[in-house]
Amino acid sequence: VQLQASGGGLVQAGGSLRLSCAASGQSFSTYALGWFRQAPGKEREFVAAISWSGASTNYADSVKGRFTISRDNPKNTVYLQMNSLKPEDTAVYYCAADLYASTKTGEYDNWGPGTLVTVSS
């Protein structure tokens, strides 16, 4: 499966953005999807993940209650709704796909190019 994230941009602290990740390929609905982010000078970190059916989700503590991951299998798209954004959310955001909704970067085999989110204070 090939992935393409979009929806990044510049937003003020407290604002919202919705990221999208469009997938190509016929097996999208069989994959778990994850969102990760990488800030300048830092390692890539887990943000959120969703199971193939959408029934199970998982979030990093730093975004819990502010971010929501969802998916639309007929549209081959996964979303990340980000509310109450903080300057520390500034990063390049990546979507990734694998068989299981892991929180670990190394367990995802399929990655798309990232989209930059910048939150100004």
Side-chain angles (χ1 to χ4, degrees):
V1 62
Q2 293 183 326
L3 306 169
Q4 179 66 57
S6 62
L10 175 63
V11 63
Q12 289 188 334
S16 298
L17 279 176
R18 188 177 79 158
L19 304 184
S20 299
C21 178
S24 61
Q26 297 180 346
S27 303
F28 174 80
S29 62
T30 66
Y31 283 92
L33 277 297
W35 284 99
F36 293 78
R37 66 187 182 186
Q38 188 166 17
K42 295 187 177 181
E43 293 187 352
R44 193 170 299 187
E45 64 176 5
F46 169 75
V47 174
I50 189 166
S51 62
W52 67 271
S53 67
S56 178
T57 59
N58 195 2
Y59 296 93
D61 288 342
S62 59
V63 306
K64 203 170 291 184
R66 299 188 297 123
F67 291 10
T68 302
I69 188 171
S70 61
R71 65 189 296 162
D72 187 336
N73 283 345
K75 293 184 177 179
N76 280 12
T77 303
V78 63
Y79 304 99
L80 185 68
Q81 178 67 44
M82 305 185 297
N83 299 329
S84 302
L85 282 161
K86 304 175 181 180
E88 52 262 44
D89 294 318
T90 294
V92 177
Y93 283 71
Y94 299 88
C95 58
D98 206 73
L99 295 179
Y100 303 103
S102 173
T103 63
K104 299 179 180 179
T105 306
E107 295 190 359
Y108 285 81
D109 290 333
N110 300 281
W111 292 85
T115 184
L116 177 62
V117 172
T118 304
V119 184
S120 63
S121 57

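The first residue of the sequence shown is numbered 1, and numbering continues consecutively from there.
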Among residues two or more places apart or on two chains, list those pairs meeting side chain to side chain donor-acceptor pair (under 3.5 Å) that have a residue in residues 9-23.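 Sorted result for residues 9-23: S16-N83.
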Using the rule that two of Ile, Leu, Val, Met, Phe, Trp, Tyr join whenever any of their side-chain heavy atoms come within less than 4.5 Å, decide whether [X] and [Y] are in one cluster.
X: V63; Y: M82; answer: yes
X: V11; Y: V92; answer: no
X: V47; Y: Y59; answer: yes
X: F46; Y: L19; answer: no
X: L17; Y: W35; answer: yes

Would you find more than 12 non-hydrogen atoms of other residues, nucleotides or ligands less than 6.0 Å from Q2 atom CD?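 12 or below, so no.
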Within-4.5 Å side-chain heavy-atom neighbours: N58 and S56: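 Counting from C-beta outward, N58 and S56 never come under 4.5 Å.
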In the structure I gave you, are the side-chain heavy atoms of T103 and F36 within less than 4.5 Å of one another anywhere?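 Not in contact.
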Heavy atoms only: give me the nearest [X]-[Y] pair and the separation to one decimal.
X: L116; Y: A91; value: CD1-O, 3.6 Å
X: R66; Y: S84; value: NH1-O, 2.9 Å
X: S51; Y: A55; value: OG-N, 3.4 Å
X: T115; Y: G8; value: OG1-N, 3.0 Å
X: V1; Y: S24; value: CG2-O, 3.1 Å

Under the 6.0 Å and 45° cation-pi test, does R71 pair with F28?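 Pair R71/F28 counts as cation-pi.
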[atom1] of [X] to [atom2] of [Y]: how many Å apart, nearest 0.5 Å?
X: L3; Y: N76; atom1: CG; atom2: CG; answer: 10.0 Å
X: I50; Y: C95; atom1: CD1; atom2: SG; answer: 13.0 Å
X: L99; Y: T30; atom1: CG; atom2: OG1; answer: 7.0 Å
X: W52; Y: Y31; atom1: CH2; atom2: OH; answer: 14.5 Å
X: R44; Y: R37; atom1: CZ; atom2: CZ; answer: 13.0 Å
X: Q81; Y: I69; atom1: CD; atom2: CD1; answer: 12.5 Å

Pairing of K64 and D61 as salt bridge, 4.0 angstrom limit: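 Counted as a salt bridge, because a side-chain N and a carboxylate O are separated by less than 4.0 Å.
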List the atom pairs, with distances to 0.1 Å, where a side-chain N or O of residues 105-113 and a protein N or O form a donor-acceptor pair under 3.5 Å, not counting sequence neighbours.
| from | atom 1 | to | atom 2 | distance (Å) |
| --- | --- | --- | --- | --- |
| E107 | OE1 | S102 | OG | 2.9 |
| Y108 | OH | S102 | N | 3.2 |
| Y108 | OH | S102 | O | 2.6 |
| N110 | ND2 | A97 | O | 3.4 |
| W111 | NE1 | Y108 | O | 3.0 |

Donor-acceptor contact below 3.5 Å, side chain Y79 vs main chain T68: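 No, Y79 side chain to T68 backbone: no donor-acceptor pair under 3.5 Å.
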Whether the side chain of T90 engages the backbone of V119 through a donor-acceptor N/O pair (distance < 3.5 Å, no angle test) should be reported.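 Yes, the answer is positive, given that a donor and an acceptor are paired below the 3.5 Å cut-off.
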Can you list every pair that meets ring-ring contact (aromatic ring centres under 6.0 Å, His included) and has a residue in residues 84-106, with sequence neighbours left out?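 The answer is none; no pair qualifies.
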